[in-house]
Amino acid sequence: MTLLLFLFDLVLLSTLLVLAIAALTSPEPRRAVMFFIAFGLWLALVWARLGAPDVALAEAAIGAGLGGALMLAAARRAARRQREGKADQDDDQKSS
Amino acid sequence: MNRPAKLMIGLLLCLFALVLLWVFHVALTQPPGARLADLALASLPLSGVTNPVTAVLVNYRAYDTLLELAVLLAALLGIWSLGAATPGFQPAGSALAAMVSWVVPLLILTGGYLLWVGGYAPGGAFQAGALLGAAGVLLRLAGDERAGLPSERAQRRLAVAGIAVFALVGLGTMVAGTGFLTYPQRWSKWLILLAETAATVSIGVILAAAYAGGKPRSRASDGATP
Amino acid sequence: MTAHLLYGGAGILLFVLGVWSFLVHEALLRKVIALNVMGSGVFHLLIAIAERGSLPPDPVPHALVLTGIVVAVSATALALAMGRRLEDEDDAR
């Protein structure tokens, strides 16, 4: 039982870290924001597991929901500027 | 930034992570000292609510929440001072409009429920305010330029309402002789509910207005703008 | 104990990943995402410390994190609004 729970924790945390890495390394702004929203929702799940339902609710609604909506609006602008060639580009965006 | 510099930063940060992990391990293996948790849980019957997180937020550490509302207000003032809001999206198609007309009242209802239930179960002012803000975001996405909010003058009043009511409750308890934001036990439940309701409305308005991204444009229907 | 170390370690890793991304990338949006991930790492560490096995979890860090989440979102909104204004100035020139 404890081993099963430990494995469950391990899966939860490794998915969380993979989502964070995906959000941080993806060069396309809109995809990065999508991964960030997924990361926030997964974080809420982990916090519910840690016995913090209040904070999980707030993270799902505020961190992932409203923060994600704000960033999506910014990502739309960034994508448009990238198409017009006005954006200040990252190194990995130039190479791709 | 070139490749070697990136690698260097990565290596240094790996070392930093190891140091932090070691510190965390040492902190965990030390014998635990006195924790605030026992005190907080023990005095829960005196606080007027039974949800410990709400008790900490609005009763024991009400200062934090008051100042946090001030931070939110300052962020909104900063956003407004940067210029006018972006123009809204085109009006929604019939499917989206129908969905929004169903979801927004439900969101407001759920917000009210979360606010009330925050006294004894997971929920509270922040979650409820976030739902109100989400309703505003949905309305803006469906084409309402102002995210369902009233005129600028009313928005200002609503955004200040939370911190004003909170401070007034604090001053009231001071006049009553118990000290700033120290609720008398008989009234604590209702004072907490009053402060939380105002905070919810303010948080919802501020988050929705922040999503609009700037000072609201005046509409012809507003009459004279302030 | 192991579970604490596991969850707390994940929080520390998230924080360091956020710092790395914040230093390496140049676009504003990616810096904002990195800042948010950094904040999430700190929040996660606090929540992991608050968990106490069979005892009810410590409500004080929970309240701190709740406050922190709202402040982080308002800071994000302000940063993005400032970025928008900067872009507008750039385009106007």
Side-chain angles (χ1 to χ4, degrees), chain A residues 2 5-6 9-10 12-14 16-17 19-21 23-27 29-30 32-33 35-36 39-40 43 46-47 49-75 77-79 81-82 84 86-93, chain C residues 2-3 6-7 9-11 13-14 17-18 20-22 24-30 32-34 36-37 39-41 43-44 46-53 55-59 61-70 72-77 79-81 83-84 86-88 90-91:
Chain A
T2 35
L5 218 54
F6 181 72
D9 287 351
L10 218 58
L12 268 183
L13 287 180
S14 49
L16 185 71
L17 285 175
L19 281 176
I21 293 172
L24 290 175
T25 53
S26 118
R30 237 175 307 191
V33 174
F35 272 120
F36 178 76
F39 165 77
L43 198 62
V46 176
W47 289 351
R49 157 86 181 84
L50 283 174
D54 291 87
V55 194
L57 262 177
E59 167 69 19
I62 308 182
L66 281 167
L70 279 166
M71 286 184 200
L72 267 183
R77 280 177 66 88
R81 283 171 65 87
Q82 235 173 52
E84 291 164 6
K86 279 193 253 181
D88 41 338
Q89 293 204 323
D90 276 4
D91 290 345
D92 38 355
Q93 281 169 355
Chain C
T2 358
L6 200 65
Y7 278 101
L13 274 182
L14 281 179
L17 274 171
W20 174 78
S21 181
F22 182 78
V24 165
H25 295 122
E26 272 167 35
L28 174 85
L29 184 64
R30 303 188 73 178
V32 170
I33 290 180
N36 272 292
V37 171
S40 300
F43 297 154
H44 185 70
L46 275 171
I47 297 277
I49 293 174
E51 204 255 354
R52 302 188 297 170
L55 290 169
D58 191 343
H62 286 184
L64 288 182
V65 171
L66 213 51
T67 315
I69 289 174
V70 178
V73 162
S74 60
T76 303
L80 291 176
R84 194 161 67 83
L86 276 175
E87 281 172 3
D88 287 350
D90 273 358
D91 289 354

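Just so we're clear, the structure is a prediction, and the values are computed from it rather than from any experiment. To find a chain, count down the sequence lines: A is the first, B the second, and so on, and within it residues start at 1.
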Review point. Going by heavy atoms in the side chains, are A:E59 and C:V65 under 4.5 Å from each other?
Key: no
Practice item. State, with a plain yes or no, whether a side-chain heavy atom of A:F39 is found less than 4.5 Å away from one of C:N36. Key: no
Exercise for review: Could you look at C:A10 and say if it's the side chain, the backbone, both or neither that has a heavy atom under 4.5 Å from chain A?
Suggested key: both
Point to revise | Residue C:L80 versus chain A: region with a heavy atom under 4.5 Å | key: side chain
Check your understanding: Shortest non-hydrogen contact from A:G51 to C:P57?
Key -> O-CG, 3.2 Å
Practice item. Report yes if some heavy atom in the side chain of A:F6 is under 4.5 Å from a heavy atom in the side chain of C:L6; otherwise report no. Key: yes
Review point. Which atoms of A:V46 come close to chain C, meaning under 4.5 Å heavy atom to heavy atom: side chain ones, backbone ones, both, or neither?
Key: side chain
Check your understanding: How many angstroms lie between CZ in A:R77 and CZ in C:R84, if you round to the nearest 0.5 Å?
Key -> 6.0 Å
Revision key, fill the gap. If one checks every heavy atom of A:L13 against chain C at 4.5 Å, the contacting part turns out to be side chain
**Study point:** Residue pair C:I69 / A:G63: nearest heavy atoms and the distance that separates them
**Key:** CG2-N, 4.1 Å
Practice item. Answer yes or no: is there a side-chain heavy-atom contact under 4.5 Å between A:L66 and C:T76? Key: no
Revision key, fill the gap. Ranking A:L24, A:L16, A:V33 by heavy-atom pairs under 4.5 Å to chain C gives rank one to A:L24
Check your understanding: Is any side-chain heavy atom of A:T25 closer than 4.5 Å to a side-chain heavy atom of C:W20?
Key -> yes
Review point. How about A:W47 and C:H62: do any of their side-chain heavy atoms sit closer than 4.5 Å?
Key: no
Exercise for review: Report the distance from atom CE of A:M71 to atom CZ of C:R30, rounding to the nearest 0.5 Å.
Suggested key: 13.0 Å
Point to revise | Under 4.5 Å from any heavy atom of chain C - which part of A:L57 | key: neither
Point to revise | Contact origin within A:L50 toward chain C - heavy atom pairs under 4.5 Å | key: both
Review point. Given that the side chain runs from C-beta out, which part of C:F22 has a heavy atom under 4.5 Å from chain A: side chain, backbone, both or neither?
Key: neither
Revision key, fill the gap. Interface check, chain A: of C:G18, C:S40, C:P59, most non-hydrogen pairs under 4.5 Å belong to C:S40
Practice item. Please determine, among C:V73, C:V32, C:I47, the option with the most heavy-atom pairs under 4.5 Å with chain A. Key: C:I47
Practice item. Among C:V37, C:D90, C:V70, C:L13, single out the residue with the greatest number of heavy-atom pairs under 4.5 Å to chain A. Key: C:V37
